[in-house]
Amino acid sequence: DHKHLFKLYNNLCEAFANDQDEDTDDLLEKLLSYASWHFSHEERVMQEYEYPDYFMHKTIHDDLNKESQELYNQFLDGDKGMPEKLLLFLRGWLLDHILDVDKKFSSFLAELEG
């Protein structure tokens, strides 16, 4: 899932860099939709394995979904500085969330298999 998120993000960066406005809306929508699906999937697995930090992790997911949707709406409303803000937010979100929060969950799963 994470590799696919990064692939979508990289495609989005390329579309922004090449001023492919017709592609950016579609790619951004796909990225946010896939991220939302990924969060739901991850949360189901957390519940299945009774992950002790589930509620904290879900709250982070909910906050990320809300903030990314707000930025996306600003982008759609034509905010000229939004593409850069949005890409920086998404990059930070992908890196920080995956390398910190998701890593804790994957460590938890690895211990179960241990």
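One is the number of the first residue; the rest follow in order along the sequence.
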[X] versus [Y]: any side-chain heavy-atom pair under 4.5 Å?
X	Y	answer
D63	T59	yes
L95	F6	yes
K85	F75	no
D25	E29	no

Are the side chain of [X] and the backbone of [Y] linked by a donor-acceptor contact shorter than 3.5 Å?
X	Y	answer
N18	E14	yes
Y9	L87	yes
S106	K103	yes
S68	L64	yes

ask   = Closest approach of F108 and E50, non-hydrogen atoms and distance?
value = CZ-O, 4.0 Å
ask   = Taking all atoms of both residues into account, what is the closest heavy-atom pair of L12 and T24, and its distance?
value = CD1-O, 3.7 Å
query = Charged N to carboxylate O below 4.0 Å: is that the case for K66 and D62?
reply = no
Roughly how far, to the nearest 0.5 Å, is [atom2] of [Y] from [atom1] of [X]?
X	Y	atom1	atom2	result
E48	L109	CD	CG	9.5 Å
L76	L28	CG	CG	7.5 Å
Y34	K7	OH	NZ	10.5 Å
I60	D100	CD1	CG	8.0 Å

So, [X] and [Y]: side-chain donor and acceptor under 3.5 Å apart, yes or no?
X	Y	answer
Y54	Q47	yes
H38	H4	no
Q69	N65	no

What about the rings of [X] and [Y], do their centers lie closer together than 6.0 Å?
X	Y	value
Y49	F105	no
W93	F39	yes
H57	H97	yes

L32, L8, L5 screened by side chain to side chain contact (heavy atoms under 4.5 Å, CB included) with L90, the one that passes = L32
task = Give the C-alpha distance, both sets of side-chain angles, the deciding distance and a yes or no for side chain to side chain contact (heavy atoms under 4.5 Å, CB included) between D53 and K104.
result = CA-CA 9 Å; D53 291 330; K104 291 175 185 173; 5.6 Å; no
query = Going only through I, L, V, M, F, W and Y residues with side-chain contacts under 4.5 Å, is there a path from V45 to M56?
reply = no
query = Is it the case that one hydrophobic cluster holds both L88 and I98, taking links as side-chain heavy atoms less than 4.5 Å apart, direct or via other members?
reply = no
request  = Walk me through it: do M46 and K58 pass the test side chain to side chain contact (heavy atoms under 4.5 Å, CB included)?
outcome  = CA-CA 9 Å; M46 287 179 198; K58 181 175 180 358; over 6 Å; no
